[in-house]
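Note sheet for the following structure.
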2 protein chains.
Amino acid sequence: MKGEILRGHLDMLLLAALARGPAHGYAVIELVNADSGGVFDLQQGTVYPILHRLEQEDLIKSRWVSHAGRQRREYEITSDGRDRLDVARADWKRFSRGVRGVIGEAT
Amino acid sequence: MKGEILRGHLDMLLLAALARGPAHGYAVIELVNADSGGVFDLQQGTVYPILHRLEQEDLIKSRWVSHAGRQRREYEITSDGRDRLDVARADWKRFSRGVRGVIGEAT
DNA sequence: CCGCATACCTAGCGCGGCTAGGCTTAATCG
DNA sequence: CGATTAAGCCTAGCCGCGCTAGGTATGCGG
């Protein structure tokens, strides 16, 4: 899947993944890629900076957790994050409706 | 509708508009904006450069037409353009399917 | 004759995601 | 045991696209 198509939608995808439950960064990547049915192939260099930004915006929060002797940063969505996700979902609906209106297709 | 969401989808939208029939730039803008049901609000500064690029890629072609004593550049989609549009539509389906898979929603 | 709508154009910026790297520790394999 | 892979984390910097903000010209209604 080509690059720039994800512009502006990535926040939503990561928030949606974390809305299912806390997860560490590496897991978020695999979650999104898997849930997309192989459509997306997010890279670490794409995801980690976004997670940091989302945390700064208080949409998610993190804590260090040790697992199998190793340190993981576990992220959890905040209530602000859920609100933002709701907005993003609504925007997505509008957006995809707009696209369908122009290209004239179901789905 | 915020900005970067259209990234990578604009070519498809303009090609789709022109697939309905030849039109000049200004009309393309209004067509897309109208067909989107008011979701998009494309500006001239966004659309004209894209039309030029699409023409360079031989996806559309243009000719000057005089209308009511004025000069318009009328664009028409080429067969390469239709092929590209088909690909873009397929990509759009994949993309939106991927998003739905992650955010877990119909539409 | 003024202002608005129509119709075209472009330079330059801003920023988001990707590329491409780098670090550490646990597990696996020869 | 030493080497390689996988699991995890991170960041600097580039690149390209769309937007902002400007500019021009003409026809038409008041």
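- Residue B:Ile50 contributes atom CD1, which lies 14 Å from atom P of C:dC9 at whole-angstrom precision.
- The nucleotide whose nearest atom lies closest to any side-chain atom of A:Tyr26 is, among D:dT11, D:dG8, C:dT6, D:dG8.
- Taking the side chain of A:His52 as heavy atoms from C-beta on, and the options D:dG18, D:dT11, C:dC8, the nearest nucleotide is D:dT11.
- Rounded to whole Å, atom C1' of C:dG16 lies 13 Å from atom CG of A:Leu14.
- B:Arg7 contributes a side-chain N or O that forms a donor-acceptor pair with the base of D:dC17 under 3.5 Å.
- The distance between atom CD of A:Gln43 and atom C1' of C:dG21, rounded to the nearest whole Å, is 13 Å.
- A tilted orientation is assigned to the rings of A:His9 and A:Phe95, their planes being inclined by 30° to 60°.
- A:Gly45 comes within 4.0 angstrom of a base, heavy atoms only.
- Note on B:Arg84 versus B:Glu57: salt bridge recorded, some NZ/NE/NH1/NH2 to OD/OE distance being below 4.0 Å.
- Heavy-atom distances to DNA chain C give each of B:Gln44 and A:His9 a nearest nucleotide, and the one nearer the 5′ end belongs to B:Gln44.
- Residue B:Gln71 contributes atom CD, which lies 13 Å from atom C1' of D:dG27 at whole-angstrom precision.
- With D:dG8, C:dC8, C:dT6 as the candidates, the nucleotide lying closest to the side chain of B:Tyr48 is C:dC8.
- Of the candidates C:dC8, D:dC19, D:dA7, D:dC19 carries the atom nearest the B:Leu6 side chain, counting heavy atoms from C-beta on.
- Counting only heavy atoms from C-beta on, A:Arg70 has its side chain closest to C:dT25 among D:dC9, D:dT26, C:dT25.
- Distance B:Ile5 CD1 to C:dC15 P: 16 Å, rounded to the nearest Å.
- Residue-level contact check: B:Ala27 touches neither bases nor backbone, having no heavy atom under 4.0 Å from any strand.
- D:dC9 atom P lies 10 Å from atom CD of A:Glu74, rounded to whole Å.
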